[in-house]
Structure formats: C-alpha cells, structure tokens
Amino acid sequence: VYELLESGRKALLVMEFVEGETLAGILQQGRPPLARTIELISEIAEGLANAHAMGLVHRDIKPSNVMVTPHGHVKLLDFGLARPAVTEASTTRGTGIDGDARAGTPHYMAPEQAEGKPITARADIFSLGIVAFECIAGELPFDGATEYLYVHELVHDAPKSLAQLAPGTPRE
C-alpha cells in the first residue's frame, strides 16, 4: 500500500501493479516442491511481519491474494479488508466493511475471526498456516461442504492429518 486517500466518504488505496501468477494459479498446477513451498511461505511471513509492524492485520490471507512475480518473489495483494490490529489496550473489534466482523474468506480464517471476535496479527499467522497446509497437502485442513460446516469444523474439530495427506513431509 503506497497511500491511503479519502474522497468524500470513500477510502481509496494506492497500490502497486504486480505482474505474475497468483499462488492459487500455481496450486491449480499441483503442489510446489517442499523447498519452494518453504521459500514462498517464508516470503509471505516476511510481508505479513511488515504489515503487522505497521499495526495492520490483512484479514484475508489466501492463495489468490498472494502474487508470485516473474522473478519468483512474493507480493501480498488486496489489503482492502486490512484493519488496525486489536491490542490489549484497544476496545475496538476487528470489524470489516459494513461492520462485518467476519470479513474475509471463511476457508482461511482464524477461529476468532470466524466467530467475529477481536483479531490480532495472530489471525493472519493462522491463515498463513492454512495456506502452508494447502501447499504441502494439496487440500484444505477441513472438509466442511458449506461455509457454515467449514467454520464449525474450524472452530470445533482438529484438522486433517498432514502426515497422512503428505506422508513424505519431514516432521520439522
């Protein structure tokens, strides 16, 4: 995000145009090798660390919001749902557009985000874990056939076993 402008009652974000392919597009071609997955996840984590250092929570980390440039580097996209992080001293909730505390993509939300609770940078880290799981396993950690069922599983159930879905993956 280069700049945040206001025009009347509208907020406008000025962002970089990024060429490349989304991580979602890459995953449609198959799982990347583990070493490449680690590189990608590390770069996403670095981008999130920069956003978090500025006091922002992205709130919608998912493969379609990660661009891999022609040179192989990661850029985070779509800060449109980003909000200031909730701190211990803060009394505001992690509300989204039109007061929707659950703004984001359900399959990549942290449990507290899915439940509409206040969120911190940890929500983005949880979402990054889901992206990493998907890159390694080739599928999401929960099955929920509908958004409601998925969120229920996310909040109440253990994820699928990565060891069973990708048995060659080193434990560490």
Side-chain angles (χ1 to χ4, degrees), residues 1-5 11-27 31-97 100-138 140-142 154-155 159 162 166 169-172:
V1 176
Y2 288 128
E3 193 170 359
L4 176 62
L5 305 170
L12 308 168
L13 293 174
V14 179
M15 296 185 279
E16 172 185 17
F17 171 76
V18 181
E19 289 188 54
E21 184 174 14
T22 64
L23 183 54
I26 292 169
L27 291 175
R31 296 181 291 183
L34 184 59
R36 181 62 179 141
T37 294
I38 292 169
E39 290 171 359
L40 293 169
I41 297 303
S42 295
E43 283 197 40
I44 298 167
E46 185 177 337
L48 286 173
N50 288 329
H52 297 159
M54 295 178 66
L56 291 175
V57 178
H58 187 284
R59 299 185 336 138
D60 201 20
I61 295 299
K62 60 184 177 183
S64 61
N65 283 342
V66 175
M67 183 71 76
V68 180
T69 69
H71 297 292
H73 296 290
V74 165
K75 298 279 188 166
L76 296 179
L77 306 177
D78 195 1
F79 277 78
L81 295 180
R83 294 292 183 270
V86 174
T87 64
E88 290 181 26
S90 171
T91 57
T92 61
R93 297 177 66 79
T95 58
I97 296 169
D100 179 8
R102 288 187 50 227
T105 304
H107 291 83
Y108 297 91
M109 285 183 177
E112 64 272 23
Q113 187 177 1
E115 293 179 312
K117 294 179 179 175
I119 57 170
T120 66
R122 291 179 293 189
D124 284 346
I125 295 167
F126 186 93
S127 298
L128 178 58
I130 293 177
V131 171
F133 188 102
E134 184 177 13
C135 287
I136 295 167
L140 292 167
F142 301 98
L154 171 71
V155 173
L162 187 58
T169 304
R171 182 172 171 84
E172 53 279 349

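On a predicted model such as this, the values are computed, not experimentally measured, just so you know.
Between the side chain of Ser64 and the main chain of Ala24, no donor-acceptor pair closer than 3.5 Å is present. Put simply, the side chain of Thr22 gets close to the backbone of Gly25: a donor and an acceptor are under 3.5 Å apart. Although no hydrogens or angles enter the test, the distance criterion places a donor-acceptor pair under 3.5 Å between the side chain of His58 and the main chain of Asp78. Arg31 places a side-chain N or O within donor-acceptor distance of the main-chain N or O of Ile136, the cut-off being under 3.5 Å.
Side-chain contact between Glu112 and Pro118: absent, with no pair of heavy atoms (C-beta onward) separated by less than 4.5 Å. A heavy-atom distance below 4.5 Å is not found between the side chains of Thr69 and Glu19. A 4.5 Å side-chain heavy-atom check between Ile130 and Pro141 finds at least one atom pair inside the cut-off. In this structure, Leu12 and Leu4 have side chains that are not in contact, with every pair of non-hydrogen atoms separated by 4.5 Å or more. Between Ile26 and Val68, some side-chain heavy-atom pair lies under the 4.5 Å cut-off. With a 4.5 Å cut-off on side-chain heavy atoms, Val66 and Leu76 count as touching. In this structure the side chain of Glu39 never reaches within 4.5 angstrom of the side chain of Ser42, judged on heavy atoms. Looking at heavy atoms from C-beta onward, Leu140 lies out of side-chain contact with Phe133 at the 4.5 angstrom threshold.
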Exercise for review: For Tyr108 and Asp60, run side-chain contact (heavy atoms from CB on, under 4.5 Å): C-alpha distance rounded to whole Å, both residues' side-chain angles, the deciding distance at 0.1 Å, then the answer.
Suggested key: CA-CA 7 Å; Tyr108 297 91; Asp60 201 20; 5.7 Å; no
Decide side-chain contact (heavy atoms from CB on, under 4.5 Å) for Gln113 and Arg59; before the verdict, give the C-alpha distance in whole Å, the side-chain angles of both, and the deciding distance to 0.1 Å. CA-CA 8 Å; Gln113 187 177 1; Arg59 299 185 336 138; 3.8 Å; yes
**Request:** Kindly indicate, with the supporting measurements, whether the criterion side-chain contact (heavy atoms from CB on, under 4.5 Å) is fulfilled by Leu23 and Val131.
**Result:** CA-CA 9 Å; Leu23 183 54; Val131 171; 3.7 Å; yes
The test is side-chain contact (heavy atoms from CB on, under 4.5 Å); show your working for Cys135 and Leu40 and say whether it passes. CA-CA 10 Å; Cys135 287; Leu40 293 169; 5.5 Å; no
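The distance from the CZ atom of Arg171 to the OG1 atom of Thr169 is 12.5 Å, given to the nearest 0.5 Å. Atoms CD and NE2, from Glu46 and His73 in turn, are 10.5 Å apart once rounded to the nearest 0.5 Å. The CG atom of Leu128 lies 8.0 Å from the CD1 atom of Ile125; values are rounded to the nearest 0.5 Å.
Smallest separation of non-hydrogen atoms from Leu56 and His52: O-CD2, 3.0 Å. Minimum interatomic distance between Phe126 and Met109 (heavy atoms only, all atoms of both residues): CE2-O, 3.4 Å. Closest approach of Leu154 and Ala114 over heavy atoms only: CD2-CB, 3.9 Å. Here the closest heavy-atom approach between residue Leu27 and residue Pro32 is recorded as CD2-CD, 3.7 Å. Across all non-hydrogen atoms, the minimal contact from Ser127 to Ala110 is OG-N, 4.2 Å.
Using a 4.0 Å cut-off between a side-chain N of Lys or Arg and a carboxylate O of Asp or Glu, Arg122 and Asp124 do not qualify as a salt bridge.
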